[in-house]
There are 2 protein chains.
Amino acid sequence: MRINKELSKGSNALMVLSVIARQDMYGYQIVRTIENASEDVFVLNEGTLYPILHTLEQNGLLDAYWCEVDGRRRKYYRITEKGRKELARRRAEWDEFSGAVSKVLGSAELAEG
Amino acid sequence: MRINKELSKGSNALMVLSVIARQDMYGYQIVRTIENASEDVFVLNEGTLYPILHTLEQNGLLDAYWCEVDGRRRKYYRITEKGRKELARRRAEWDEFSGAVSKVLGSAELAEG
DNA sequence: CACTATACATCGATTGTCAAGGTATGAAGT
DNA sequence: ACTTCATACCTTGACAATCGATGTATAGTG
C-alpha cells in the first residue's frame, strides 16, 4: 500500500536515528536499510534524508566522517551519547503517540460494532 | 508526555473521521472526545480541527447540519457512505504505517541488545 | 552512448499544524 | 456592573517536514 506521506512526517528522523544506533551508516545505506526493514513501505527521498541527517548532526545527535571506497566517497554517520538519550526519548514518544491513536480508533470501533 | 506535533500530522483527520463514525458530533465535542479517548495526548487546536472538517465535508466524506441548543448554535457532522469506505481505507493505512515503523525500530533494537 | 545504480547535495512548492485573533452566548464569581 | 471561564463557530499568517526536481560525480551494463 502507498502510505500517505503526511503520516510519516515526524517519524522519519526517529527511524534514521534508530538504524544508525545499530551501526554506523552512510546516506544511501540508510535509505536501503529502512526500505528493507519496513518491507518497502518507507523509501526516503533524498530531499527528506539529507536535511534530517544535517539537522541531527547540527544538534549533536550524530557525528560524521568520510570514507573512500572503490572511488566512491561515503559520508558515514555515528550516533553520539546525546543521540542515544534522544533516541530513547523519541522511542517513548512514538510509543505514546501510536498508543494514543489506537485508543481513539479503538474506542470508536467498539461503539460502531 | 508532550507529543511532537509533527508526529500527529496526517493522523488527525483519521481520528476525527473515526469518532464521527461512532455518532454525529459537533466541533467542540470532537475535540473533547479525542482528548478523553487519547487520555489528554491529543487536544486539537481549532485552527487544526475546522480546516479538517471543512476538507472532509468538501470531499463528500461528511455531511453537516445545524442545531440550536440553549442559545448555542452547533454544527453537527455526519459520516457518509463514502466517508465510511474512506475511513476503512485510512485505518488500514494507519495499521500498515505504524506496523512498518515498529519493524524499523524493532530491527534496530534487536541489533543493539 | 545511453542508462542504471551509487553517492553526495540544494531548492521551490506543497501541506498540516500552530498561535493568535475575531465573533457571540451563558454562567459563575466579585 | 465587570471580569473570567466555558462553550461554539471561524480565519489568517507563519512555520516546519516532506516532495519532486535538479545538479554534480563515478562505476558498471547493454
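- Rounded to whole Å, the distance from CD on E6(B) to C1' on dT18(D) is 9 Å.
- Atom CZ in R72(A) sits about 11 Å away from atom C1' in dT4(C), given to the nearest Å.
- Along DNA chain C, the nucleotide nearest V69(A) and the nucleotide nearest G47(A) are compared for position; the residue whose nucleotide lies closer to the 5' end is V69(A).
- Proximity of Y50(B) to the phosphate of dC9(D): a side-chain N or O atom is located under 4.0 Å from OP1 or OP2.
- When the side-chain nitrogen and oxygen atoms of Y26(B) are compared with OP1 and OP2 of dA8(D), one or more of them lie within a distance under 4.0 Å.
- Using a cut-off of 4.0 Å between Lys/Arg side-chain N and Asp/Glu carboxylate O, E93(B) and R90(B) are scored as not salt-bridged.
- Nearer the 5' end of DNA chain C, as judged by each residue's closest nucleotide, is the contact made by Y77(A), out of N4(A) and Y77(A).
- Side-chain N/O atoms of N12(A) include one lying less than 4.0 angstrom from OP1 or OP2 on dT18(D).
- Close to dA19(C), at under 4.0 Å from its OP1 or OP2, lies no side-chain N or O of K5(B).
- The distance from atom CD1 of I30(A) to atom C1' of dA7(C) is 12 Å, rounded to the nearest whole Å.
- Residue contacts for I52(B): at a heavy-atom cut-off of 4.0 Å it reaches the sugar-phosphate backbone alone, with no base atom in range.
- G27(B) comes within contact range of the sugar-phosphate backbone alone, with a heavy-atom separation under 4.0 Å but no base atom that close.
- Considering NZ of K82(B) and CG of N59(B), their distance stands at 6.5 Å, rounded to 0.5 Å.
- Atom CG of L44(A) is separated from atom P of dA9(C) by 15 Å (rounded to the nearest Å).
- In this structure, the side chains of S11(A) and L7(B) come closer than 4.5 Å at one or more pairs of heavy atoms.
- Regarding contacts with the backbone of dT18(D), every side-chain N or O of N45(A) stays at 4.0 angstrom or more from both OP1 and OP2.
- Residues L61(B) and Y26(B) fall into different hydrophobic clusters, defined by Ile, Leu, Val, Met, Phe, Trp and Tyr side chains chained together at heavy-atom separations under 4.5 Å.
- Of the two residues contacting DNA chain D, namely G71(A) and A13(A), the nearest-nucleotide position lying further toward the 5' end is that of A13(A).
- A sub-4.0 Å separation between OP1 or OP2 of dC18(C) and a side-chain N or O of T48(B) is present.
- At least one cation-pi condition fails for R78(B) and Y76(B): the charged atom is not both under 6.0 angstrom from the six-membered ring centre and inside a 45 degree cone around its axis.
- Regarding contacts with the backbone of dT11(D), a side-chain N or O of H54(B) is found under 4.0 angstrom from either OP1 or OP2.
- Across the protein-nucleic acid pair, D70(B) atom CG and dC9(D) atom C1' stand 17 Å apart, rounded to whole Å.
- The residue R74(B) sits close only to the backbone: its heavy atoms come under 4.0 Å of sugar-phosphate atoms, none of a base.
- Close to dA8(D), at under 4.0 Å from its OP1 or OP2, lies no side-chain N or O of R73(B).
- Between the C1' atom of dA19(C) and the CG atom of L49(B) lies a distance of 16 Å, rounded to the nearest Å.
- Between E68(B) atom CD and dT7(D) atom C1' the separation is 13 Å, expressed in whole Å.
- For dT17(C), the OP1/OP2 oxygens have no side-chain nitrogen or oxygen of K9(A) closer than 4.0 Å.
- Rounded to the nearest 0.5 angstrom, L56(A) CG and H54(A) NE2 are separated by 10.5 Å.
- Side-chain N/O atoms of E46(A) and base N/O atoms of dA9(C) include a donor-acceptor pair closer than 3.5 Å.
- Remark: P of dA16(D) and CD1 of I3(B) are 19 Å apart, rounded to the nearest angstrom.
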